[in-house]
Colleague: 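Dropping a structure here in structure tokens format, bear with me for questions.
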There are 2 protein chains.
Amino acid sequence: MDTIMRIGELGRAIGVDVETIRYYEKAGLLPNPARSQNGYRAYGSAHLERLAFIRHCRALDISLADVKRLLDFVEHPNAACEGIDLLIDAQLDRVRARLKSMQALEQQLAALRGRCGERHSAGECGILHELVAAAHGEACACHSTQQYDQSTC
Amino acid sequence: MDTIMRIGELGRAIGVDVETIRYYEKAGLLPNPARSQNGYRAYGSAHLERLAFIRHCRALDISLADVKRLLDFVEHPNAACEGIDLLIDAQLDRVRARLKSMQALEQQLAALRGRCGERHSAGECGILHELVAAAHGEACACHSTQQYDQSTC
DNA sequence: ACACACCCTGTAGCCACTTCAGTGTCAAGC
DNA sequence: GCTTGACACTGAAGTGGCTACAGGGTGTGT
């Protein structure tokens, strides 16, 4: 009743490298599949679903450790769910913090890019000058704060 | 004339862990400093500036390999500068791509967060349901595309 | 008989650090 | 003189999330 797939088929079905699947297995995220006589891994629809879940979480940039926790919740649906929203909250906080820093980064790089004129030596390059000056200047917040806490520079 | 600092002072001056400084040295980003009689590293203002430059570039999320290239330009100011703007362009492209995907991510996580009500078991948790359903659904673009190419889900 | 695609295991490499184990140096306090 | 503590040194190993490779076995088509 259950379609049986080999690792390559599973990989193609979800769009995951076979090495990654084996890696998830070793990391304890995918349960050990049955083996056919030749020793090949034999996957069913349960594995397919679980792998899809993992990849969806990874697409949300959730760490494998957290994915493991979420999978525990899926396995034990009667447990209290407190942990779930806390986990998602924390993830959202992380993503928002990074988003903010990436935006600052984009601004800085875009400004930097405008500094370079045409046909000149590295010694006259506005980008390089700007980088050196910014690294030197005390007004720049980059050096005193964490990478992901920086505002403008 | 040149203030001489030990590694701890240099680290505090720039806000970098001493281990990171030694790592940069081993990686060839910081030149080998002089040593005092006891074998301690002795840094001068040139090292300070160079380290500040490196950290500034890293704050801009520029890879160490690219920082190395930029440092080469700083060292050889008479070379042509073509490489510099290309490097910054590529960096900007990378940052913008990540920025876009992070924005999509934030949307998805925020939507997910809204799914969880109060006091219920994991089996009834809207977040978990949503995650499982989204992983299962074919309409979701997450599985077929790269992590950083996803749009909405 | 052979090519070729697929599968297996185990190990090492990637990036940018971080941590650790084990040892040495030096100034201050008792 | 002895201890304590902060700081320095080296080299190796660990982190996360894969990715790549070496060296073999399996299965199908021609």
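So that the names make sense, note that chain A is the first sequence line, chain B the second, and so on, each numbered from 1.
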Colleague: How many whole angstroms separate atom CG of Asn38(A) from atom P of dG27(D)?
Modeller: 4 Å
Colleague: Specify the separation, in whole Å, of atom CD of Glu19(A) and atom P of dC8(C).
Modeller: 10 Å
Colleague: Can I get a per-line list of side-chain donor-acceptor pairs under 3.5 Å for residues 9-18 of chain A, giving both atom names and the distance, sequence neighbours left out?
Modeller:
from     : atom 1 : to       : atom 2 : distance (Å)
Glu9(A)  : OE2    : Arg6(A)  : N      : 3.0
Asp17(A) : OD1    : Glu19(A) : N      : 2.9

Colleague: Can you check the Arg58(B) CZ to dT18(C) P distance for me, whole Å?
Modeller: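 It is 10 Å, rounded to the nearest whole Å.
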Colleague: Tyr23(B) has an atom OH; how far is it from atom P of dT10(D), in whole Å?
Modeller: 17 Å
Colleague: By the 4.0 Å heavy-atom rule, please label Lys26(B) as base, sugar-phosphate, or nothing.
Modeller: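 Here Lys26(B) touches no strand at all.
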Colleague: Between Asp17(A) (CG) and dC8(C) (P), how many Å, whole number?
Modeller: 13 Å
Colleague: Quickly work out the Glu25(B) CD to dC9(D) C1' distance and round it to whole Å.
Modeller: 11 Å
Colleague: Under 4.0 Å between a Lys/Arg side-chain N and an Asp/Glu carboxylate O for Arg69(A) and Asp66(A)?
Modeller: yes
Colleague: Rounded to whole Å, please give me the gap between CD1 in Ile21(A) and P in dT19(D).
Modeller: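 Answer to the nearest Å: 12 Å.
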Colleague: Rounded to whole angstroms, how far apart are CD on Gln37(A) and P on dG25(D)?
Modeller: 19 Å
Colleague: What are the atom names and distances for every N/O pair under 3.5 Å that joins the protein to nucleotides 4-7 of chain C?
Modeller:
from   : atom 1 : to      : atom 2 : distance (Å)
dC7(C) : OP1    : Gly8(A) : N      : 2.7

Colleague: Suppose the criterion is ring pair (Phe, Tyr, Trp, His ring centres under 6.0 Å): which pairs have a residue in residues 4-48 of chain B, not counting sequence neighbours?
Modeller: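 As it turns out, the ring pair (Phe, Tyr, Trp, His ring centres under 6.0 Å) pairs with a partner in residues 4-48 of chain B, which skip direct neighbours, are Tyr43(B)-His47(B).
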